[in-house]
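Please read through the structure below; I'll follow up with questions.
Reckoned from all heavy atoms, side chains included, excluding hydrogens, waters and symmetry mates. In the text below, chain A, chain B and the rest are named by the order of the sequence lines, each starting its count at 1.
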2 protein chains.
Amino acid sequence: MKTQYTRSQARIVRVLKSLNAAISAQDLYLELKNREQPLGLATVYRSLEALKLQGTVQARTLPTGESLYSLISQDQHHLTCVNCGQSIPIDECPVHNLEERLQQSHRFQVYYHTLEFFGRCYQCQLIDSANS
Amino acid sequence: MKTQYTRSQARIVRVLKSLNAAISAQDLYLELKNREQPLGLATVYRSLEALKLQGTVQARTLPTGESLYSLISQDQHHLTCVNCGQSIPIDECPVHNLEERLQQSHRFQVYYHTLEFFGRCYQCQLIDSANS
DNA sequence: ATGAATGCAAACAATTTGCAACGGC
DNA sequence: GCCGTTGCAAATTGTTTGCATTCAT
């Protein structure tokens with residue numbers, strides 16, 4: 001875990017810290033434009049990529065193909081509806097023991113994990129049954 | 001869980017069944033071209049989308065932005081290296097209890113879940129330390 | 001002064017959409 | 001004959017890359 005960031009990387013980390021939530025690269029680009037000085041979109045992507053390799057930032061890719069970035073440890077898991085796309089955060093997480101074991105059995109240095117449930121939310125179930 | 005498929009959907013399900021592994025839409029398109037008659041790429045996407053809504057197929061989106069599709073229940077979880085992209089399948093999965101509970105507490109009809117660990121594989125760790 | 005970091009615009013790749021043709025009921 | 005399904009090509013979107021410029025040391 002490196003702690004030597006470029007100027008851009010440092011700014012991005014600062015923004016992510018203050019947001020305390022996952023954000024897309026595009027929105028991060030806009031956020032930076034609002035805050036202080038703009039940062040080129042390409043630089044945003046390059047910085048996020050670097051931060052990811054350093055184990056500072058994690059990405060979760062949405063079904064739409066766009067990725068949401070956040071500081072590792074700020075992430076939550078989600079319950080996502082395949083129909084309307086609504087995403088409900090959940091708190092529990094039963095995988096930490098497994099993570100420990102994997103680190104050892106595969107000599108893999110785990111930075112973070114993602115856990116996501118997909119299905120139909122209550123509203124969409126109601127709509128479905130109404131339509132049939 | 002509908003069981004009435006269009007011709008294309010049925011063919012796709014058949015191929016996924018025989019593959020018994022996750023595959024990208026593009027590769028599925030090629031696979032169909034080889035097997036019997038080709039199927040338009042757009043149709044492949046449209047069918048996969050429909051199958052996803054029906055709860056027959058699940059998708060896991062790679063960090064590269066492309067999605068891998070598989071029949072629900074055929075999926076495995078993975079340990080993925082953020083550096084080289086190598087993906088190691090793992091067998092254990094400690095989330096089924098949680099899944100049960102979520103179904104009830106959120107009235108959410110869960111079709112499937114994804115669980116993925118990200119970090120550095122052993123080889124990449126070695127290369128890193130060699131270069132420093 | 002030199003190599004890394006940045007911005008801009010062009011390039012890419014996966015996916016989606018519009019629309020005309022087709023096929024089953 | 002009608003409506004949903006399909007194929008093709010064009011459009012869209014998120015992301016990446018090439019290259020000339022700027023910055024930090």
Does any residue of residues 16-24 of chain B have a heavy atom under 4.0 Å from DNA chain D, and if so, which ones, in number order? none
Bend angle of the helix from C:dA1-D:dT25 to C:dC25-D:dG1, from helix axes over five pairs at each end, nearest 10°: 30°
List, with names and distances, any nitrogen or oxygen atoms from the protein found under 3.5 Å away from nitrogen or oxygen atoms belonging to nucleotides 4-7 of chain D.
residue : atom : partner : partner atom : Å
D:dT6   : OP1  : B:Ser8  : N            : 3.0
D:dT6   : OP1  : B:Ser8  : OG           : 2.2
D:dT6   : O5'  : B:Ser8  : OG           : 3.4
D:dG7   : OP2  : B:Gly40 : N            : 2.8
D:dG7   : OP2  : B:Thr43 : OG1          : 2.8
D:dG7   : N7   : B:Arg46 : NH2          : 2.8
D:dG7   : O6   : B:Arg46 : NH2          : 3.1

Heavy-atom pair of closest approach, residues A:Gln109 and B:Gln125: N-NE2, 3.1 Å
Respond yes when some side-chain nitrogen or oxygen of A:Tyr45 is under 4.0 Å from OP1 or OP2 of D:dT16, and no when none is. no
Validation row, ring centre A:Tyr112 to ring centre B:Phe118 under 6.0 Å: yes
Between which nucleotides of DNA chain C, 5' to 3', does chain A make heavy-atom contacts below 4.0 Å? C:dA5 to C:dC8
Using a cut-off of 4.0 Å on non-hydrogen atoms, how would the nucleic acid contact of B:Glu49 be classed: base, sugar-phosphate, or nothing? nothing
Specify the closest pair of heavy atoms between B:Ser24 and B:Leu68, including all atoms of both residues, with the distance to one decimal. N-CD2, 3.6 Å
If you look only at pairs with a residue in residues 55-97 of chain A, which of them pass as a ring-ring contact (aromatic ring centres under 6.0 Å, His included), with sequence neighbours excluded? A:His77-A:His113, A:His96-A:His113
Compare side-chain N and O positions of A:Thr64 against OP1 and OP2 of D:dG14 and report whether any pair is under 4.0 Å apart. no
Identify every side-chain donor-acceptor pair in residues 39-50 of chain A under 3.5 Å, counting partners at least two apart or on other chains, and give the distances.
residue : atom : partner : partner atom : Å
A:Tyr45 : OH   : A:Gln26 : NE2          : 3.1
A:Ser47 : OG   : A:Thr43 : O            : 2.8

Same cluster for B:Ile23 and B:Leu30 if Ile/Leu/Val/Met/Phe/Trp/Tyr side chains link at under 4.5 Å? yes
